[in-house]
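A short worksheet on the structure shown next.
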Amino acid sequence: MPKLNPPKGTRDFYPDQMAWHQHLLDAWRRVSVRNGFEQVQGPVFETLELYKVKSGDGIVSELFSFRRANGKTDFALRPEFTPTLARMVAAKANSLPRPIKWFCTPNACRAERPQRGRLREFWQWNVDLLGLEGPGADAEVVFTLLDFLQEIGLKPDDAKVKLSHRDVVAQVLAGLGLEPERTDDAFKLLDARDKMEADAFAAQAAELGLDATAVERFTQVSGKTYAISDVAALTADLGLSEPPADLVALIDQLTAFGVADWCEIDLGIVRGLAYYTGTVFEVHETGGKSRALAGGGRYDKLIELFGGPAMPAVGFGMGDVVLTNLLEDKGLLPAELGDRPDAFVFATDDAGAARVAPVVAQLRRGQLHARMSYKTTRNVGKLLKDAEKARARFAVLVGGDQIQTKHLATSTQQTVSPDQLLAQLSPRPGAD
RNA sequence: GUGAUCGUAGCUCAGUUGGUUAGAGCACCGGGUUGUGAUCCCGGGGGUCGCGGGUUCGAAUCCCGUCGGUCACCCCA
């Protein structure tokens, strides 16, 4: 038998890792729900065709695609959730109450070589708000994202939402003399900016037909971030007579949601995707060079593209890999996340051994998380140590003639009758 | 797909110019100290040195190849 390794770029979740993974999924869900989003789910594979709608044939090499033996249909493991979401919304667009506020936390697979922050299988939190126009929807989605970052222990010093707006950037570029049909090329160049030498960037900008002054202004502005309160400086640097209305409206809404201190403006953010139509944003670690923690924006034409009615939409995705890396670096990964037992039951003498199973059964039927020792030793010290290691709230010492409970945090020990046991061990609000 | 770098026990590592049956600490498992979370003691499982060739009387050690991990490029929905 050859070595059976997990496939490249996938992870096995042993109990320790699974405890964190579940904690993360729970946090994503908790934050989504309190922000008014409903959970959805779709298939882990779709027809290959679905993934070509948005991304074209070029996407195929990045997918795990397959065909059944003797089958005629090509399928692919989902590389992202958005096509599924668009398909689901398009299919029932006219019967769904609006706005549509959905979230999900699916896994996704991409056939790329793994590296830091990117694996071949990952989990991604998707939050989408459809059927609602205007910057208020954009801001609510951004608020939800920030609500999570705060929930997980991050502060505005740790990470920032970099906001931009495609129309504003396009407007600025036009003002600098860019031909409208070259706007997409300019977006691509902006997206690649961080990985280019300054003069190479300037040279390519010049190729777009911008003159020297325009290139300089464009370079300067796209490489700079502005505090959300500093739109005046941005306006001046852009040489505009008044602040861009779209940006001002968005800022006003974010301020109303109380998250201005998390946000900054960075017109260099355009996102690679061609389908974004307005607001775009990414979350980055402050000062960090790692890839974006999350990214999203407005995609008002997408539902149409998938055969649905015209419907405005805004959303974002956040992967588990980069986030976990960041939290690990910052020491924010919580320790001891596993499920704590309410009781750890063991026998203190041979007569007690026969009574362990009934006690455990009673506790479990009473909704308690009860574990027991599988050891034959009657060494109470050792067994208590096991109870402690299991992080149980109570040890239950079962002897032939009595049952004792020991609250491990306080070392309070008392003898209880069998019919009192369940009530005594049941968690009370406010207690541990 | 391109490039760099690393592979000895679950983890961190040791292993002398190549030389008997490859070691330690921690972790894990069982037991003891006639028992209450410490300390201590005894015992145990676990490695074909990533894998495959080659050189050699002899390879964890030298050479070649390959696989895997990590990082960067491409791409990033």
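No experiment lies behind these values; they were computed from the predicted model shown. Just so we're on the same page: letters track the sequence lines, and every chain starts at 1.
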Check the distance between [N]'s [atom2] and [X]'s [atom1] and give it to me in whole angstrom.
X: A:Asp386; N: B:C29; atom1: CG; atom2: C1'; value: 11 Å
X: A:Leu408; N: B:A38; atom1: CG; atom2: P; value: 12 Å
X: A:Asp350; N: B:G35; atom1: CG; atom2: P; value: 16 Å
X: A:Glu112; N: B:A72; atom1: CD; atom2: P; value: 14 Å
X: A:Asp12; N: B:G68; atom1: CG; atom2: C1'; value: 14 Å
X: A:Phe346; N: B:G30; atom1: CZ; atom2: P; value: 15 Å
X: A:Lys385; N: B:G32; atom1: NZ; atom2: P; value: 15 Å
X: A:Tyr374; N: B:C29; atom1: OH; atom2: P; value: 14 Å

Any salt bridge linking A:Arg355 with A:Asp401? Criterion: basic side-chain nitrogen under 4.0 Å from a carboxylate oxygen. no

Going by side-chain hydrogen bond (donor to acceptor under 3.5 Å, both in side chains), name the residues that satisfy it together with A:Asn325, two or more places apart in sequence or in a different chain.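 For A:Asn325, no residue satisfies side-chain hydrogen bond (donor to acceptor under 3.5 Å, both in side chains) once neighbours in sequence are set aside.
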
Intra- and inter-strand pairs of RNA chain B in dot-bracket (Watson-Crick or G-U wobble, both distances under 3.5 Å; | for another strand): (((((((..((((.....[...)))).(((((.......))))).....(((((..]....))))))))))))....

Would you mind classifying the nucleic acid contact of [X] as base, sugar-phosphate or nothing, using non-hydrogen atoms under 4.0 angstrom?
X: A:Leu383; result: nothing
X: A:Ser61; result: nothing
X: A:Arg116; result: sugar-phosphate
X: A:Thr377; result: sugar-phosphate
X: A:Lys406; result: base
X: A:Lys382; result: base

Taking atom CD of A:Gln41 as the centre, report whether more than 12 heavy atoms of other residues, nucleotides or ligands fall under 6.0 Å from it. yes

Distance-only donor-acceptor test, [X] side-chain atoms vs [N] base atoms, 3.5 Å:
X: A:Arg118; N: B:C75; value: yes
X: A:Asn379; N: B:U33; value: yes
X: A:Arg113; N: B:U2; value: yes
X: A:Arg291; N: B:C76; value: yes

If you measure from the [atom1] atom in [N] to the same atom in [M], how many Å do you get, rounded?
N: B:C64; M: B:U21; atom1: P; answer: 28 Å
N: B:U55; M: B:G46; atom1: P; answer: 34 Å
N: B:C6; M: B:C62; atom1: P; answer: 12 Å
N: B:C57; M: B:C40; atom1: C1'; answer: 50 Å
N: B:A59; M: B:A14; atom1: P; answer: 23 Å
N: B:C73; M: B:A60; atom1: P; answer: 39 Å
N: B:G68; M: B:A22; atom1: C1'; answer: 23 Å
N: B:U33; M: B:C42; atom1: P; answer: 15 Å

Centroid-to-centroid, A:Phe257 to A:Phe143, below 6.0 Å?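 Ring centroids of A:Phe257 and A:Phe143 are less than 6.0 Å from each other.
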
For this output row, return yes or no: ring centroids of A:Phe13 and A:Trp123 closer than 6.0 angstrom. yes

Salt bridge (Lys or Arg N to Asp or Glu O under 4.0 Å) partner of A:Glu46, chosen from A:Arg78, A:Arg87, A:Lys54: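 Filter result, single survivor: A:Arg87.
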
Can you label the angle between the A:Phe148 ring and the A:Trp125 ring as parallel, tilted or perpendicular, going by 30° and 60°? tilted

Relative to the 5' end of RNA chain B, which residue comes earlier, A:Tyr51 or A:Asp349, by the nucleotide with the nearest heavy atom?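 The 5'-side residue here is A:Asp349.
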
Any heavy-atom pair between the side chains of A:Arg67 and A:Thr73 that's under 4.5 Å?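 No; the side chains remain at least 4.5 Å from each other.
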
Between A:Val169 and A:Ser164, does the side chain to side chain contact (heavy atoms under 4.5 Å, CB included) criterion hold? Intermediate values first, please. CA-CA 8 Å; A:Val169 177; A:Ser164 181; 3.5 Å; yes

Are OP1 or OP2 of B:G31 and a side-chain N or O of A:Lys375 less than 4.0 angstrom apart? no

Check this one for me: any side-chain N or O of A:Gln115 less than 4.0 Å away from OP1 or OP2 of B:A72? yes

From the options B:U36, B:C76, B:C29, select the nucleotide whose nearest atom is closest to the side chain of A:Gln413. B:U36

